[in-house]
Chemist: 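Would you mind keeping the following structure in view while I ask a few things?
All chains are named by letter (A, B, ...) in the order of the sequence lines, taking the proteins before the strands, and each is independently numbered beginning at 1.
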Protein chains: 2
Amino acid sequence: MVIEKHKAVMDDNYIDALKALAEPNRLRLFWLLVHVDQRITVAEAMDVTGETQYNASRSLKMLYKTGLLTQEKRGKWVYYTLAYQLEPHLDKLIESVRCLPKERFSDITTRCKQRLSMRVDGECMIGANSEEWLNLIS
Amino acid sequence: MVIEKHKAVMDDNYIDALKALAEPNRLRLFWLLVHVDQRITVAEAMDVTGETQYNASRSLKMLYKTGLLTQEKRGKWVYYTLAYQLEPHLDKLIESVRCLPKERFSDITTRCKQRLSMRVDGECMIGANSEEWLNLIS
DNA sequence: TGCATACTTGCACAGATGTGCATCTGTGTA
DNA sequence: TACACAGATGCACATCTGTGCAAGTATGCA
């Protein structure tokens, strides 16, 4: 029974990772984190993806819980980053996402670069839906 | 708009593959097809996994529709086989499944070998839940 | 041609999942 | 200490998904 439970837990982790990625918005967000090679805050994710605060927060949190992302709290900001040195099957899963055609995500890539350009010394300073951001993308 | 639609279709294919694998029973079945290096019929899948005819059929069909499996009809039997030479992101996805710890699937592996031993000249000859099969595993 | 068998599919229902709204927690700042 | 803001979470509801049941399709055999 203990073994059964252990198996179930291990299974669930991988299953949960697949489920987390099997949703277009989360896949886009994760693809971004795979390619941008940068930590990102919830507020930045909101601006880049155009999602609500709820969705951005939940999406990042979900990916974090599966082990695909790491979390780092800095003051009132929370940075999420692509995890490294994972188990082989999770590493391969990330590789799979990395291989997705870039053309699908060209819009999100541009917006992300714009948003990151608003950082100061590599730190996020401005919240979501700010005047500065709206001017930048208009 | 045409581009939008094209993007959606391409996305959906990968998304559907992730969804198809994000279900424990289908993941087990697919893992088996990745490792057994053999085509398999719905009836054999039923015996090996213990699933109903409905589930075995639907699971294989779903995996087939995502492109992860190929289908070959031979008389009244339908063989499903792992697909090769796929797009990079799908290939990596299969690699990911291949990397899953074998211990989780030791039971299903044993049963599959037993079931395949009932073949004649490499062909499936006996349906699901047969006397011969029930004797073999008892 | 009639029947058994292998597989697929439509239907109904229970459980899981995504989303908007509102609220709550935690942190920085005046 | 009071307030503003980043982020997390509970609730209600619509949608999606897995499953059992039963009927339908297709193939082989007598």
Chemist: Whole angstroms only, please: what is the NZ-P distance between B:K65 and C:dT9?
Modeler: 6 Å
Chemist: Check the side chains of A:E44 and A:Y80 for a donor-acceptor pair under 3.5 angstrom, ignoring hydrogens and angles.
Modeler: no
Chemist: Can you name the nearest heavy-atom pair linking B:L134 to B:N129, along with the distance?
Modeler: CD1-O, 4.0 Å
Chemist: From CG of A:D47 over to P of D:dG7, roughly how many Å is that when rounded to an integer?
Modeler: 10 Å
Chemist: What's the separation between atom CG in B:L21 and atom CD in B:E23, rounded to the nearest 0.5 Å?
Modeler: 10.0 Å
Chemist: On DNA chain D, does the nearest nucleotide to A:V78 precede the nearest nucleotide to B:E23 from the 5' side, or the other way round? Give the residue.
Modeler: A:V78
Chemist: When you measure only distances, ignoring hydrogens and angles, does the side chain of A:Q53 come within 3.5 Å of the base of D:dA6 through a donor and an acceptor?
Modeler: no
Chemist: Rounded to whole angstrom units, what separation is found between the CE atom of A:M62 and the C1' atom of C:dA16?
Modeler: 12 Å
Chemist: Is any side-chain N or O of A:K76 closer than 4.0 Å to OP1 or OP2 of D:dA4?
Modeler: no
Chemist: In terms of side-chain heavy atoms of A:W77, which of D:dA6, D:dT19, C:dC21 is nearest?
Modeler: D:dA6
Chemist: In whole angstrom, give the distance that lies between atom OH of A:Y80 and atom P of D:dA6.
Modeler: 15 Å
Chemist: How would you label the contact of B:K19 with the nucleic acid (heavy atoms, under 4.0 Å): base, sugar-phosphate, or nothing?
Modeler: sugar-phosphate
Chemist: For the pair B:E132 and B:R115, find out whether any cationic side-chain nitrogen is under 4.0 Å from an anionic carboxylate oxygen.
Modeler: no
Chemist: Give one of base, sugar-phosphate or nothing for B:Y79, where a contact means two heavy atoms less than 4.0 Å apart.
Modeler: nothing
Chemist: With a 4.0 Å limit, can you tell me whether A:R58 has a side-chain N or O closer than that to the phosphate oxygens OP1/OP2 of D:dG7?
Modeler: no
Chemist: Could you please name the option among D:dT9, D:dA6, D:dG18 that lies closest to any side-chain atom of A:S57?
Modeler: D:dT9
Chemist: How many whole angstroms separate atom CD1 of B:I126 from atom P of C:dT5?
Modeler: 13 Å
Chemist: Rounded to whole angstrom units, what separation is found between the CG atom of A:L69 and the P atom of D:dG7?
Modeler: 14 Å
Chemist: B:R39 CZ to C:dC7 C1': how many Å, rounded?
Modeler: 17 Å
Chemist: Return the 5'-most residue of the pair A:T52, B:T41 with respect to DNA chain C, ranking by each residue's nearest nucleotide.
Modeler: B:T41
Chemist: Under 4.0 angstrom, heavy atoms only, what part of the nucleic acid is B:K61 near: base, sugar-phosphate, or nothing?
Modeler: sugar-phosphate
Chemist: Any non-hydrogen side-chain atom of A:V78 less than 4.5 Å from a side-chain atom of A:T41?
Modeler: no
Chemist: From the set D:dA8, D:dG10, C:dG18, return the single nucleotide nearest to any side-chain atom of A:Y54.
Modeler: D:dG10
Chemist: Rounded to whole Å, how long is the line connecting atom CD of B:Q71 with atom P of D:dT27?
Modeler: 12 Å
Chemist: Please state whether the phosphate of C:dG18, meaning OP1 or OP2, lies under 4.0 angstrom from any side-chain nitrogen or oxygen of A:N55.
Modeler: no
Chemist: A:R74 near the nucleic acid: base, sugar-phosphate alone, or nothing, with a heavy-atom cut-off under 4.0 Å?
Modeler: nothing
Chemist: Would you mind classifying the nucleic acid contact of A:E51 as base, sugar-phosphate or nothing, using non-hydrogen atoms under 4.0 angstrom?
Modeler: nothing
Chemist: As a test of reading the structure: which of C:dC7, C:dG20, C:dG18 is closest to the side chain of B:A43, going by heavy atoms?
Modeler: C:dC7
Chemist: Going by heavy atoms in the side chains, are A:H35 and A:K102 under 4.5 Å from each other?
Modeler: yes
Chemist: Over all strands shown, is A:E44 touching base, sugar-phosphate only, or nothing at heavy-atom distances under 4.0 angstrom?
Modeler: nothing
